Amino acid sequence: MVDGNHYLLRTRWLPELTDDAVEVLVDAARRVSSPYSAIALHHFHGAASRVGVTDTAFGLRADHLLAEVIAVWAPGDEPGAHRDWAERTSAALAPLALPGGYPNLLAPDETDRVRLAYGGNWERLCRAKRRYDPRGVFSAVPTLPVTDDEE
């Protein structure tokens with residue numbers, strides 16, 4: 001087995017690229033803990049924002065930016081500084097961000113943000129999950145709950 005680089009990804013949805021958001025991102029770039037780390041911005045707009053909210057699972061159909069804070073460190077490096085950089089950057093963006101986040105990129109412990117990401121589609125998706133996958137065979141990070149008490 002090859003032991004490659006290690007990654008920690010944190011994301012935030014930004015309604016727009018404000019001066020405050022730029023300040024946070026520039027500060028994070030100045031303090032980056034590894035030459036492998038990155039910050040990526042993805043512009044969600046156009047046709048993707050014109051799809052009806054109930055037409056798919058994705059709950060945010062307004063123009064926005066997805067900010068990815070990607071901490072990367074080499075094998076053998078202590079992860080603390082790299083993890084801290086990603087967590088601090090994500091926390092600094094949080095007050096400027098929309099609720100939720102892109103579900104496939106959220107951490108397993110961010111289920112509250114997953115629920116917000118699906119918005120009004122959450123209950124419909126949970127019903128589908130219970131009906132078609134009651135034993136939780138199909139999973140993603142993080143998964144939809146199978147039982148009612150997790151809704």
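Everything quoted here is computed from the prediction, not taken from an experiment.
Between L60 and W13, the closest heavy-atom pair is CD2-CE3, 3.3 Å. Considering all non-hydrogen atoms of both residues, S49 and A62 come closest at CB-C, 4.0 Å. Of all the heavy atoms in A74 and Y36, the pair that sits closest is CB-CE1, 4.1 Å. Between L8 and E87, the shortest heavy-atom distance links the atoms CD2-OE2, 4.0 Å. In terms of heavy-atom proximity, P99 sits nearest to L116 at CB-CD1, 3.9 Å. Shown here for G46 and D63, the closest heavy-atom pair between the two residues is N-OD1, 4.0 Å.
With a 6.0 Å radius and a threshold of 12 heavy atoms from other residues, nucleotides or ligands, R31 has its CZ atom at or below the threshold. The local environment of CG in D19 is sparse, with at most 12 non-hydrogen atoms from other residues, nucleotides or ligands closer than 6.0 Å. No more than 12 heavy-atom neighbours from other residues, nucleotides or ligands sit within 6.0 angstrom of CD on E23.
Ring centroids of Y102 and F58 are separated by less than 6.0 Å, placing the two rings close together.
Atoms NE2 and CZ, on H45 and R50 in that order, are 9.0 Å from each other to the nearest 0.5 Å. Note: I70 CD1 to R10 CZ = 12.0 Å, rounded to the nearest 0.5 Å. Expressed to the nearest 0.5 Å, how far CG of L9 lies from OG of S37 amounts to 11.0 Å. The structure places CG of D27 at 7.5 Å from OG1 of T89, a figure rounded to the nearest 0.5 Å. Note: W73 CH2 to R83 CZ = 4.0 Å, rounded to the nearest 0.5 Å. A distance of 9.0 Å separates NE2 of H64 from NE2 of H43, quoted to the nearest 0.5 Å.
By the 4.5 Å side-chain criterion applied to Ile, Leu, Val, Met, Phe, Trp and Tyr, V69 is assigned to a cluster that also includes L14, L17, V22, V24, L25, V26, V32, I39, L41, L65, W85, L93, L96.
The cluster map of Ile, Leu, Val, Met, Phe, Trp and Tyr, joined by side-chain heavy atoms under 4.5 Å apart, puts L105 and Y7 in the same cluster.
Judged by distance alone, the side chains of R61 and T56 do bring a donor and an acceptor atom under 3.5 Å apart.
Remark: side-chain polar atoms of D133 are paired, donor with acceptor, to backbone N or O of F138 under 3.5 angstrom.
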Practice prompt. Starting from the C-alpha separation in whole Å, work towards a yes-or-no answer on side-chain contact (heavy atoms from CB on, under 4.5 Å) for T11 and H42.
Written response: CA-CA 11 Å; T11 67; H42 307 277; over 6 Å; no

